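The block underneath contains the structure these notes are about, expressed in C-alpha cells.
Worth saying up front: this structure is predicted, and the values here are computed from it rather than measured. Just so you know, ligand 1 is whichever comes first in the structure, and atom 1 is the first atom listed for that ligand. Computed from heavy atoms alone, side chains included, the values below leave out hydrogens, waters and symmetry copies.
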Amino acid sequence: MTIDLRSDTVTKPTAAMRAAMAAAEVGDDVFGDDPTVNALQSRIATMLGKEAALFVPTGTQSNLCALMAHCGRGDEYLVGQMAHTYRWEGGGAAVLGSIQPQPLPQQADGSIALAEIEAAIKPDDAHFARTRLLALENTWGGQILPQPYIEAATALARRKGLATHLDGARLFNAAVASGVPVAEIARPFDSVSVCFSKGLGAPVGSALVGSKEVIARAHRIRKMLGGGLRQAGVLAAAALHALDHHVDRLAEDHANARALAEGLAGLPGVTVAPPQTNILFVDLAPAKAAGVVDRLREAGVLCTGLYRLRFVTHLDVSAADIRRAITVLREHL
Ligand SMILES: *Cc1c(COP(=O)(O)O)cnc(C)c1O
C-alpha cells in the first residue's frame with residue numbers, strides 16, 4: 001500500500017462524512033435557499049468571531065474573492081514572496097483583479113519584517129499604485145505565525161489605512177498546535193479564508209469570513225468568478241461534519257509529522273526542519289537529491305519535491321504508516 005504524503009488534500013471522505021453528505025437538506029444556494037450552506041456559513045462565521053461567511057469551491061477562489069473585495073483595479077497588495085496567494089494561485093489577483101502584487105521577502109518563520117511592510121507602502125502620488133491591503137498566511141509551510149507578530153503587523157496596516165486578509169487555509173492546524181483559539185487568530189483581520197479540503201478532510205470547499213460588507217462584495221465577485229453553486233449543501237454537509245469530528249484530531253497529524261522528523265534524524269546529508277504542525281520539509285545534499293521523488297514513489301512513499309522534499313500528514317495516514325514510511329525513507333535517503 002502506497003503511503004501518500006504529498007498533501008493533506010488527498011484524503012477521501014469517510015463513511016460517516018459520506019452519510020452526512022447523503023442526508024443533507026439542500027436548495028439552490030444562488031437563491032440563498034440551501035439550508036446546509038446557510039448553516040455552515042453561520043457556523044464558521046461564529047467560530048471565527050466574524051459577522052458573515054461565504055462558502056466557496058476552493059481556497060484559491062476564496063483568496064481571490066477577498067483580494068478583489070479589498071482592492072480595485074490598479075490597487076496593490078503586500079504579500080510574502082512565498083505566500084500562496086502570490087506564488088501558487090496562477091497570478092489570479094493580477095490576471096482577474098488587475099491588482100498589482102508587491103511581494104516582500106519572508107523571514108524563516110513566515111513573517112514579513114515590519115520595516116519591510118512599512119517601507120513598501122507607497123505614498124499618495126500619481127506615480128504609484130495605491131497600496132490597499134496586507135495579506136498574511138497562517139500556517140505558512142506548516143509554521144505558525146507568532147501571535148504577537150500578527151498583532152503588530154495588522155496594527156501597522158490599520159495605522160496606515162490598509163485592509164488585512166489572512167490566508168488561513170490551515171488555520172485550524174495553527175490553532176490546535178498553538179492552543180490559540182481560531183477566533184483569536186482571526187480577530188485582527190478584516191477577512192480570513194479557511195479550507196475544509198485540507199487537514200479537515202472534506203472533499204471540496206473553503207470559506208471566506210469577514211464583515212457583512214466585505215462578504216457582500218465577495219458574494220458578487222464569487223458569482224462573477226463562476227463560483228455560485230446550486231445544491232451545494234451536499235458539500236457544506238461534509239464541511240460541517242469535518243468541523244464536528246476532524247478538528248481536535250489534527251493533533252494526531254502533528255504528532256505523526258514529529259515522529260517522521262525524529263525517525264529521519266541522524267542521516268548524513270539529510271536536514272530535517274522540526275515540524276510545528278503537519279508539514280515536514282527535508283533538504284538533501286545535492287548528490288542525494290537527484291530523482292529521489294521518483295525513487296521514493298517506486299518504494300511506496302509519495303511526497304513532493306518542487307523546492308524541497310515535502311511530507312504532509314493527514315487523516316488517511318496512521319502512526320503505523322509513518323513507521324513504515326520511516327523505514328522506506330531511511331533506506332532510500
Ligand atoms: C491549498 C492552499 C490554498 C488554496 O486552496 P485550493 O483549495 O487548493 O485552491 C490557499 N492557501 C494555502 C496556504 C494553501 O495551502
Side-chain angles (χ1 to χ4, degrees), residues 4-11 13 40 44 48 53-68 77 79-93 95-97 101 103 106 109-112 133-145 150 164-177 182 185-186 189 191-209 218 221-222 225-227 229 232 235-236 238-239 242 250 253-254 257 275-281 303-304 306-308 310-315:
D4 194 344
L5 299 170
R6 288 173 302 170
S7 176
D8 46 9
T9 55
V10 301
T11 57
L40 173 64
I44 191 72
L48 269 59
L54 189 65
F55 184 55
V56 283
T58 64
T60 298
Q61 189 174 97
S62 186
N63 282 327
L64 183 56
C65 284
L67 296 176
M68 291 177 71
Y77 81 113
V79 62
Q81 184 69 247
M82 292 299 278
H84 203 280
T85 64
Y86 171 60
R87 187 165 291 252
W88 304 90
E89 295 182 7
V95 177
L96 299 162
Q106 286 163 271
D109 65 358
S111 64
I112 305 166
L133 175 73
L134 172 67
L136 299 178
E137 184 173 319
N138 193 12
T139 64
W140 173 74
Q143 299 205 83
I144 302 163
L145 268 193
I150 292 177
T164 53
H165 172 68
L166 179 66
D167 178 356
R170 296 188 179 85
L171 180 68
F172 286 94
N173 294 87
V176 166
V182 281
I185 303 174
F189 292 96
S191 57
V192 179
S193 172
V194 292
C195 290
F196 303 114
S197 56
K198 302 256 163 106
L200 295 184
V204 172
S206 289
L208 181 67
V209 300
I221 293 159
R222 184 187 69 173
L225 296 174
L229 300 175
L235 303 174
L250 291 171
D253 298 344
H254 303 165
Q276 293 180 7
T277 58
N278 68 328
I279 302 181
L280 176 68
F281 285 103
C303 66
T304 61
L306 202 48
Y307 293 100
R308 320 157 73 187
R310 190 185 81 155
F311 301 89
V312 187
T313 57
H314 53 75
L315 186 58

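Side-chain contact annotation: S193 with S62, donor-acceptor N/O pair under 3.5 Å present. Using modelled atom types, one finds a donor on one side chain and an acceptor on the other under 3.5 Å when comparing N63 with H165. In this model, no donor atom of one side chain and acceptor atom of the other lie less than 3.5 Å apart for N278 and H314.
E137 OE2, 3.2 Å is the protein heavy atom nearest to atom 13 (C) of ligand 1. For atom 10 (C) of ligand 1, the nearest non-hydrogen atom of the protein is H84 ND1, 3.2 Å. The protein heavy-atom contact nearest to atom 9 (O) of ligand 1 is T60 OG1, 2.6 Å.
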Next item on the list: Kindly indicate, with the supporting measurements, whether the criterion side-chain contact (heavy atoms from CB on, under 4.5 Å) is fulfilled by C65 and L225.
Entry: CA-CA 8 Å; C65 284; L225 296 174; 4.0 Å; yes
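Contacts between D167 and ligand 1 below 4.0 angstrom, taking non-hydrogen atoms only, involve the side chain exclusively. Proximity of N63 to ligand 1, defined as any heavy-atom pair under 4.0 Å, is confined to the side chain (atoms from C-beta onward). Neither the backbone nor the side chain of Q61 has any atom closer than 4.0 Å to an atom of ligand 1 (non-hydrogen atoms only).
Near T58, with a cut-off below 4.0 Å to any heavy atom, the atoms of ligand 1 are 7 (O), 9 (O). Close contacts between ligand 1 and A169 involve ligand atoms 2 (C), 11 (N), 12 (C), 13 (C), 14 (C), 15 (O) [criterion: under 4.0 Å to a heavy atom].
Taking CZ from F196 and CG from L235, the interatomic distance works out to 11.5 Å, rounded to the nearest 0.5 Å.
Of the polar atoms of G59, at least one N or O is found under 3.5 Å from an N or O of ligand 1, judged by distance alone. An N or O contact shorter than 3.5 Å links K198 to ligand 1 by distance.
In this structure, L208 and R222 have side chains that are not in contact, with every pair of non-hydrogen atoms separated by 4.5 Å or more.
In this structure a side-chain-to-backbone donor-acceptor pair under 3.5 Å is missing from R170 to N138.
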